[in-house]
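Here the structure comes first, spelled out in structure tokens, and everything after it is commentary.
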Protein chains: 2
Amino acid sequence: MSSQEWSAPRRRNPRGQGQVLKAQLVDAAAKLLATLDQPETLTLRQVAREVGVAPASIYSHFPDLSALIQHVLRLRYEELARLMDEAARPAASPLADLVARCAAYVRWGVDQRGHYRTLFGGRMPADLVPGTAHGAGAELLGAVVASLAAATTGERERRTADQQWQAGLMLWTALHGLVSLYNDHGTIPWPPLDGLITDLLSLHTGRPAAEVEALLPQGEVASGPAAGLRGT
Amino acid sequence: MSSQEWSAPRRRNPRGQGQVLKAQLVDAAAKLLATLDQPETLTLRQVAREVGVAPASIYSHFPDLSALIQHVLRLRYEELARLMDEAARPAASPLADLVARCAAYVRWGVDQRGHYRTLFGGRMPADLVPGTAHGAGAELLGAVVASLAAATTGERERRTADQQWQAGLMLWTALHGLVSLYNDHGTIPWPPLDGLITDLLSLHTGRPAAEVEALLPQGEVASGPAAGLRGT
DNA sequence: TGACTTAAGTGAACAACTGTTGGTTATCGG
DNA sequence: CCGATAACCAACAGTTGTTCACTTAAGTCA
């Protein structure tokens with residue numbers, strides 16, 4: 001299963017190319033974090049084994065294990081944030097923006113379930129997780145709140161800032177709960193994910209499900225939940 | 001911090017009272033599971049230390065560490081199930097039943113945050129978690145689905161069984177997301193929990209918030225999120 | 001070509017942990 | 001005093017993160 005097993009004694013990198021190993025270490029750590037049943041038990045020696053290098057060699061590139069993990073988490077966090085922003089960019093309306101953002105969030109969460117739980121599962125020691133202010137997702141939450149407020153403005157009576165905040169918070173909790181349970185309880189008979197996303201957003205925006213569905217970007221997740229972890 | 005520290009060399013239990021230690025072990029394991037930052041790293045020796053007993057002594061009462069943990073988890077699961085049933089018992093209407101059930105779930109989840117994540121956080125090896133069929137919460141989910149269906153029957157057009165299932169699932173994911181994030185991200189400025197429960201149920205049942213709030217049993221959770229873990 | 005420098009990566013050891021076992025002791029009840 | 005119960009002691013083989021002195025080899029320059 002391990003991609004290295006016993007290929008070769010690993011030829012050493014040429015002179016100026018010490019950074020190559022660093023990249024390999026990051027890749028290996030990311031793969032293991034995503035793959036392991038218990039990501040928080042990731043081991044320095046596991047990473048070394050995966051790359052085919054001596055445990056001590058890691059210390060030339062990272063001060064300690066925490067730094068390596070932190071590096072990986074930051075990359076993943078930025079990846080998700082970028083994905084959500086890009087999904088929302090071509091949005092023609094506030095509602096379209098919200099739908100695209102949330103869909104991107106959920107899809108990334110179930111597509112990269114291993115990474116999702118290392119970021120949002122509350123499993124990693126808090127000081128390793130990016131999204132500094134309020135723990136993972138501080139900025140993401142802010143974006144969702146703003147997007148939801150924009151999408152529901154003009155609807156019904158205007159809301160206070162507190163109400164907007166609470167509504168955004170509830171939407172995020174709903175999204176997180178959906179992703180978490182979808183990933184962790186694969187044996188439950190789950191309906192198609194896109195239907196859940198549609199209904200969830202319809203519920204939280206008060207718009208008809210059909211309207212939301214029309215705005216949902218293409219791209220149902222390939223397979224059902226817990227169908228094995230996909231690579232990096 | 002540890003409740004035992006160094007009180008006494010622990011007098012041995014009298015003749016027929018070997019079960020006393022067993023109970024102490026269960027209590028200690030429960031406390032540690034709830035208290036530890038990483039419950040899944042619970043150690044046989046930690047339990048032994050907590051009780052003030054030699055590691056080997058545990059094997060007289062449990063075949064191995066897994067069995068001890070499994071025992072604790074089953075107890076907690078039964079506690080939650082009982083709590084929800086009892087909360088729903090005096091319900092005068094299907095909606096009251098649903099509200100009481102869900103409120104009990106959320107309140108237990110934030111009151112016993114340590115236990116909640118060992119049960120539903122997907123942290124423990126799956127074979128240790130009770131709620132056999134679909135992982136933790138299979139029965140609980142069934143009750144919620146039924147309760148929601150009863151509460152919303154007669155409303156609007158009748159729903160198919162599939163729609164009822166999906167609606168119940170979405171409600172559960174919302175509850176779970178709320179509890180998880182409330183527990184894990186204590187630094188976020190959370191609104192009062194009862195308000196969130198009210199709005200969440202109002203959203204999922206289509207009933208006015210005021211109607212739901214009137215049915216909400218007394219008993220706001222004492223303090224905010226992450227205000228230290230409370231004991232067993 | 002051959003010596004020199006230095007980046008890249010090792011090997012072995014460390015102390016501290018872990019679950020588990022087999023044999024042993026202390027103590028209580030009769 | 002005897003036997004059974006309750007619990008312990010010491011050791012095991014296996015982990016882990018981290019350090020330090022060391023080797024190997026690639027590139028440079030005479």
Side-chain angles (χ1 to χ4, degrees), chain A residues 2 4 6-29 32-33 36-72 123-125 127-128, chain B residues 2 4 6-29 32-33 36-72 123-125 127-128:
Chain A
S2 183
Q4 200 75 4
W6 262 123
S7 56
R10 177 192 156 80
R11 283 206 64 68
R12 174 232 235 31
N13 283 312
R15 194 80 181 246
Q17 305 302 314
Q19 302 304 317
V20 172
L21 175 55
K22 180 166 187 172
Q24 284 181 288
L25 290 172
V26 171
D27 284 354
L32 288 172
L33 280 178
L36 285 174
D37 272 333
Q38 315 245 49
E40 64 278 8
T41 67
L42 176 68
T43 269
L44 198 160
R45 297 176 113 100
Q46 283 179 333
V47 178
R49 249 174 269 141
E50 176 78 18
V51 179
V53 90
S57 307
I58 295 184
Y59 289 88
S60 331
H61 298 279
F62 297 94
D64 58 4
L65 175 60
S66 304
L68 173 52
I69 294 179
Q70 215 167 345
H71 188 86
V72 172
R123 312 175 72 122
M124 291 308 183
D127 52 318
L128 299 184
Chain B
S2 181
Q4 198 77 4
W6 263 124
S7 57
R10 178 193 157 78
R11 284 207 63 69
R12 172 234 237 28
N13 285 313
R15 194 75 181 251
Q17 305 303 315
Q19 303 304 318
V20 171
L21 175 56
K22 179 165 187 173
Q24 283 180 291
L25 290 172
V26 171
D27 284 355
L32 288 172
L33 279 178
L36 283 175
D37 271 334
Q38 315 244 47
E40 64 279 6
T41 67
L42 175 68
T43 268
L44 198 158
R45 296 176 112 100
Q46 284 178 341
V47 178
R49 248 174 270 140
E50 176 79 18
V51 178
V53 89
S57 307
I58 295 184
Y59 289 90
S60 329
H61 298 279
F62 296 94
D64 58 5
L65 176 60
S66 303
L68 172 53
I69 294 179
Q70 215 167 346
H71 189 85
V72 172
R123 312 175 73 123
M124 289 309 185
D127 53 318
L128 298 184

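The figures here come from the full heavy-atom set of this structure, side chains too, leaving out hydrogens, waters and symmetry mates. All values reported here derive from a predicted model rather than from experimental measurement. In what follows, chains are A, B, ... by sequence order, proteins preceding strands, each numbered from 1.
OP1 or OP2 of dG14(D) has not a single side-chain nitrogen or oxygen of R45(A) nearer than 4.0 Å. Proximity of T43(B) to the phosphate of dT18(C): a side-chain N or O atom is located under 4.0 Å from OP1 or OP2. Neither OP1 nor OP2 of dT15(D) sits under 4.0 Å from any side-chain N or O of R49(A). Dashed line: the shortest gap from a side-chain N or O of S57(B) to OP1 or OP2 of dC8(D) is under 4.0 Å.
Rounded to the nearest 0.5 Å, atoms OG1 (T43(B)) and CD (E50(B)) are 13.0 Å apart. For the atom pair CD1 of I58(A) and CZ of R45(A), the computed distance is 10.0 Å after rounding to the nearest 0.5 Å.
Counting heavy atoms from C-beta on, the side chains of V53(A) and Q24(A) never come closer than 4.5 Å. The closest side-chain heavy-atom distance from S60(A) to K22(A) is not below 4.5 Å.
Here A54(A) pairs with S57(A) under the side chain to side chain contact (heavy atoms under 4.5 Å, CB included) rule; sequence neighbours left out.
Nearest-nucleotide positions on DNA chain D for Q46(A) and A56(A) put Q46(A) closer to the 5' end.
Going from atom CG of L21(B) over to atom P of dA26(C) covers 19 Å, rounded to whole Å. Atoms CD1 (I58(B)) and C1' (dT20(C)) sit 11 Å apart, rounded to a whole Å. Look at CD on Q24(B): it is 13 Å from P on dA6(D), rounded to the nearest Å. Across the protein-nucleic acid pair, E40(B) atom CD and dT18(C) atom C1' stand 16 Å apart, rounded to whole Å. Between Y59(B) atom OH and dA11(D) atom P the separation is 19 Å, expressed in whole Å. Regarding Q38(B), its CD atom lies at a distance of 14 Å from the P atom of dT18(C), rounded to whole Å.
Listed nucleotides dC8(D), dG17(D), dT18(C) differ in distance to V53(B); the shortest reach to its side chain belongs to dC8(D). Among dG17(D), dG9(C), dA7(D), the nucleotide with an atom closest to any side-chain atom of L44(A) is dG17(D).
Contacts between residues 62-69 of chain B and DNA chain C, defined by a heavy-atom separation under 4.0 Å, are made by D64(B), L65(B).
L25(B) pairs in a side chain to side chain contact (heavy atoms under 4.5 Å, CB included) with only one of the listed residues (V51(B), V20(B), V72(B)), which is V51(B). Under the side chain to side chain contact (heavy atoms under 4.5 Å, CB included) test applied with I69(A), the options D64(A), L42(A), V47(A), L44(A) reduce to a single match, L42(A).
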